Number of protein chains: 2
Amino acid sequence: MGRQRKFDEEDILFRAMELFWIRGYEATSIQHLETHLGVGKRSLYNTFGNKENLFIEALKRYQALALSGLQGLDETENAKQAIRDLYLRRIEFVASKDGWRGCLMTNTAVELAPHNPRVAKQIKAMLKDTENALFKTIRRGQNNRQLSANLDARMTAVFLTQNVLGFNAFAKVSPGTRNLKRSAEITLSVLDAP
Amino acid sequence: MGRQRKFDEEDILFRAMELFWIRGYEATSIQHLETHLGVGKRSLYNTFGNKENLFIEALKRYQALALSGLQGLDETENAKQAIRDLYLRRIEFVASKDGWRGCLMTNTAVELAPHNPRVAKQIKAMLKDTENALFKTIRRGQNNRQLSANLDARMTAVFLTQNVLGFNAFAKVSPGTRNLKRSAEITLSVLDAP
DNA sequence: TTTATTTTGCACCGATTGTTGCAATTGAGT
DNA sequence: ACTCAATTGCAACAATCGGTGCAAAATAAA
């Protein structure tokens, strides 16, 4: 009973995610959200409580998005090629039609996480998602004799995770996928260790 | 002639740099600067014009600081060891007494550069500083037969630069130098290519 | 149709943002 | 001692921030 909503909550969260993604947390004001989402601020506050909650919910949608990207690792038989594909997908991922939006996880890790424990906890979880997915893939490659057993699978996964953060940050100031792709190839050469 | 200043401009810039470093650009308000610098806002505006100019001048001081760190590369004969030392120094660099401040270049690349062309230009210059210093060191290592001639020196330098951004971002959410140091060793293994 | 309940639009809140006008203060040059 | 330019402290500015109170609008249940 009562008046029915004019918007879909999940749709709003997805689009809010994109706005935070492009402009960052502080620079995306409630007013900005209002106009670009087509929803009155009062409805936003009724639904999500406050800006922080709205952001955290939006960030969860990003986490789901990133997680589905990581699942692509399982679809390629060769471990190194699987990781290469992930990198190439992520490089396209951080490039939007107009300019470079980078990666919401990286942006948030730098801008918001240091001052907000709730956000920091969530970012840590997302980093662990990445690390664990890469770890699993490296282990699989070792079992299949595609990667050397001498590789420290866990630390290599940590290394690759840091590296993803790196090119996300790099992409924000240096447009163009060419350098990113060539640099990614060097990153992958770590997997060729004897 | 006229009334003399109560502060040293260079000293203020250095301390402002530290404040921006810890809290970020937006979160460091003029009021915050006023109290922590011990200088009235009116003096700040008289001297630097506005907040953006003050920040850019402070960022230049950071650039000089980073540049002097890069010069340490020339002080170690072995190229790989020189780069390792740089990494270890930078890992300590991003760790302050109280918590993790990360790297002002990385923080700014993510938070401010995308919306501010002047800042973006300066960040690009700083990245080029890093890349060029690493390139020179890699070349030196190749000339001295310490590193393989098969290494693409330029792209390896780009890779290492991205990697530095990566662990700067990583450090903001994952305190502790241990993981960073171990991951750095994997990064350096790229230089062992045959 | 009436009632009960939820959502929406509008006005408005106090706090804070960066920035400036102005007059008092300072101190070197005359 | 006087002048004049530079610097300072204080008050205030308009704009914007996140957030709310309240009544009208909308809709399901009675």
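Chain identifiers are assigned alphabetically (A, B, ...) following the order of the sequence lines, protein sequences preceding nucleic acid strands; residue numbering begins at 1 within each chain. In this text the structure is predicted, and so the values were computed from the model without any measurement.
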Requested in this report: Would you kindly give the CG-to-P distance between A:Leu37 and C:dT8, to the nearest whole Å?
Outcome: 13 Å
Query raised in the report: Under 3.5 Å, is there an N or O donor on one side and an acceptor on the other linking the side chain of A:Arg42 and the base of D:dG19?
Result: no
Report task. Using whole Å, report how far CD1 of B:Ile12 lies from C1' of D:dT7. Result -> 14 Å
Requested in this report: Tell whether B:Arg5 reaches the base of D:dT7 with its side chain through a donor-acceptor pair below 3.5 angstrom.
Outcome: no
Query raised in the report: Within this structure, what is the CG-to-C1' distance between B:Leu44 and D:dT8, rounded to whole angstrom?
Result: 12 Å
Query raised in the report: Rounded to whole angstroms, how far apart are OH on B:Tyr45 and C1' on D:dA11?
Result: 15 Å
Report task. Hey, which sits more toward the 5' end of DNA chain C by its nearest nucleotide, B:Gly2 or B:Asn50? Result -> B:Asn50
Query raised in the report: Within the pair A:Gln31 and D:dG18, is there a side-chain N or O less than 4.0 Å away from OP1 or OP2?
Result: no
Query raised in the report: Using a cut-off of less than 4.0 Å, is there contact between a side-chain N or O of B:Ser43 and OP1 or OP2 of D:dT7?
Result: no
Query raised in the report: Roughly, in whole Å, what's the span from CD in B:Glu9 to P in D:dA6?
Result: 15 Å
Query raised in the report: Rounded to the Å, how far apart are A:Phe48 CZ and C:dT7 P?
Result: 12 Å
Query raised in the report: Is any side-chain N or O of A:Lys41 under 3.5 Å from a base N or O of D:dG18, one able to act as donor and the other as acceptor?
Result: no
Report task. Check for a donor-acceptor pair, side chain of B:Arg15 on one end and backbone N or O of B:His36 on the other, with a separation under 3.5 Å. Result -> yes
**Report entry** No-H, no-angle donor-acceptor pair, A:Arg3 side chain to C:dT7 base, under 3.5 Å
**Finding:** yes
Query raised in the report: Hey, quick one: are A:Leu165 and A:Tyr25 part of the same hydrophobic cluster, counting side-chain heavy atoms closer than 4.5 Å, chains of contacts allowed?
Result: yes
Query - Protein-nucleotide distance (A:Glu34, atom CD; C:dA11, atom P), rounded to Å - result: 13 Å
Report task. Establish whether the base of C:dT7 is bridged to the side chain of A:Lys6 by a donor-acceptor pair shorter than 3.5 Å. Result -> no
Report task. Quick one: do A:Phe48 and A:Phe55 satisfy ring pair (Phe, Tyr, Trp, His ring centres under 6.0 Å)? Show the steps, please. Result -> CA-CA 9 Å; A:Phe48 303 105; A:Phe55 176 80; over 10 Å; no
**Report entry** B:Glu52 or B:Gln4, whichever maps to the more 5' nucleotide of DNA chain C
**Finding:** B:Glu52
Report task. Kindly assign one of parallel, tilted or perpendicular to the pair A:Phe93 and A:Tyr62, based on the angle between their ring planes and the thresholds 30° and 60°. Result -> tilted
Report task. Answer with yes or no whether the side chains of A:Asn53 and A:Arg118 bring together a donor and an acceptor at under 3.5 Å. Result -> yes
Requested in this report: Please state how far atom CG in B:Asn46 lies from atom C1' in D:dG9, giving the value in whole angstrom units.
Outcome: 12 Å
Query raised in the report: At under 4.0 Å, does any side-chain N or O of A:Ser29 touch on OP1 or OP2 of D:dT16?
Result: no
